Amino acid sequence: MAAALRRVDDRADRLHVRLDRPEVRNAIDRAMVDELHEVCAELEARPRILVLSGTERVFAAGADIAELRERGRDDALAGINSRLFVRIATLPMPVIAAVDGWALGGGAELAYAADFRLAGENARFGQPEVGLGIMAAAGATWRLRELVGETLALEILLAGRVLDAAEALAAGLVSAVHAPSDLLKAADALADRIAEQDPTAVRFTKRAFRAPREAHPEVDDLAQSVLFESPAKHERMTAFLDRRKP
């Protein structure tokens with residue numbers, strides 16, 4: 001893996017990848033995008049939990065401005081970041097973003113694409129795009145409203161509001177706040193809990209959860225019809241009933 005990313009932990013049930021461009025505050029450039037696509041391809045072929053983190057005191061401070069300044073119409077229509085973040089959001093197994101320090105612009109949008117966000121006490125979330133003459137076009141205009149509600153989302157998107165860790169927790173943007181030294185341990189503990197579940201049931205549940213409202217209940221019934229016939233269902237339910245025997 002090239003220099004923009006580092007593998008921190010590579011196990012049978014999870015892959016922990018660190019954004020690692022500290023000299024530019026982990027700015028997301030085209031090279032990082034390409035490397036994250038490689039990670040997605042790997043996890044689509046061999047589904048595992050993905051943990052994303054940054055370096056000390058910064059998750060990702062946005063897109064690489066020097067690169068972004070030179071992009072034009074065709075680059076925007078190509079959806080360089082937005083298509084990557086959709087791919088991350090639709091990975092078969094859950095994605096955990098462990099966010100400490102700055103998560104701004106595209107960095108925040110990357111975190112929004114995760115299924116779980118854990119924050120360090122120094123975490124800061126914001127969307128400064130309109131101040132730079134562009135818009136947050138890699139998911140914030142719709143994911144952020146779903147995550148924190150319309151009123152707060154508009155403050156962040158249009159008025160430059162930055163949420164600290166406590167505000168992000170209160171708004172439901174993150175599920176927990178930890179001391180920076182405990183953040184990755186907390187992400188691993190969450191991954192451990194997910195890994196204890198049946199992976200096929202986790203995958204089907206995530207897919208159903210992300211399906212549009214009009215797809216329900218049919219999508220649930222179809223998924224359950226497969227799970228009801230799975231060996232794991234019989235084995236796990238038998239083990240549960242055996243534990244209850246006097």
Side-chain angles (χ1 to χ4, degrees), residues 19 25-28 50 52-54 57-65 68 71 76-77 79-91 94-180 183 186-187 190 205-217 219:
L19 312 181
R25 302 173 76 198
N26 295 338
I28 300 172
L50 175 62
L52 291 170
S53 67
R57 294 295 183 98
V58 60
F59 179 71
D64 190 305
I65 299 299
L68 195 62
R71 290 182 183 172
L77 293 175
I80 295 169
N81 286 2
S82 63
R83 282 164 174 73
L84 168 65
F85 297 166
V86 167
R87 192 175 185 185
I88 289 171
T90 54
L91 283 172
V95 179
I96 301 168
V99 180
D100 192 37
W102 294 103
L104 299 176
E109 290 175 302
L110 173 58
Y112 305 157
D115 300 291
F116 301 93
R117 282 159 298 282
L118 304 179
E121 293 169 338
N122 301 307
R124 300 289 185 274
F125 296 87
Q127 302 296 152
E129 285 88 349
V130 294
L132 297 170
I134 58 172
M135 62 176 280
T141 56
W142 52 281
R143 284 198 182 98
L144 195 52
R145 175 167 52 188
E146 294 172 356
L147 290 169
V148 304
E150 183 172 311
T151 301
L152 182 54
L154 286 172
E155 277 196 65
I156 296 167
L157 289 164
L158 303 182
R161 180 169 174 179
V162 174
L163 300 185
D164 63 22
E167 291 169 325
L169 180 63
L173 183 59
V174 303
S175 55
V177 176
H178 300 275
L183 180 60
L190 176 56
T205 302
K206 175 177 174 176
R207 188 180 305 171
F209 186 86
R210 298 299 181 195
R213 176 63 183 85
E214 59 270 18
H216 298 280
V219 67

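Just so we're clear, the structure is a prediction, and the values are computed from it rather than from any experiment.
- Distance CZ/F85 to OH/Y112: 11.0 Å, rounded to 0.5 Å.
- Residue pairs satisfying the salt bridge (Lys or Arg N to Asp or Glu O under 4.0 Å) criterion with at least one member in residues 112-130, sequence neighbours excluded, are listed as follows: D115-K206, D115-R210.
- Between Q127 and the choices V162, L104, L157, the side chain to side chain contact (heavy atoms under 4.5 Å, CB included) rule is met once, by L157.
- Nearest heavy-atom pair, A60 versus L19, reported as atom, atom and distance to 0.1 Å: CB-CD1, 3.9 Å.
- Distance CG/L52 to CD1/I88: 6.0 Å, rounded to 0.5 Å.
- Here the CG atom belonging to L110 is positioned 7.0 Å from the CG atom belonging to L84, to the nearest 0.5 angstrom.
- Nearest heavy atom pair, residue V219 against residue A211, reads CG1-CB, 4.2 Å.
- Heavy atoms only, all atoms of each residue included: F59 and A103 are closest at CD2-CB, 4.1 Å.
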Using atom types as modelled, flag every donor-acceptor pair under 3.5 Å from a side chain in residues 130-149 to any protein atom, sequence neighbours excluded.
none

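- Identified under the salt bridge (Lys or Arg N to Asp or Glu O under 4.0 Å) test for residues 163-179, with sequence neighbours left out: R161-E167.
- Shortest non-hydrogen contact noted between P128 and G105 is CD-N, 3.5 Å.
- Looking at residues two or more places apart in sequence or on another chain, you find a side-chain contact (heavy atoms from CB on, under 4.5 Å) between L169 and V174, V177.
- In terms of heavy atoms, V99 sits closest to A111 at CG2-CB, 4.0 Å.
- For the side-chain hydrogen bond (donor to acceptor under 3.5 Å, both in side chains) test, residues two or more places apart in sequence or in another chain that qualify with N26 are T55.
- Side-chain atoms of N122 do not come within 3.5 Å of backbone N or O of D100 as any donor-acceptor pair.
- For A176, the side-chain contact (heavy atoms from CB on, under 4.5 Å) test picks out L118, H178, with sequence neighbours left out.
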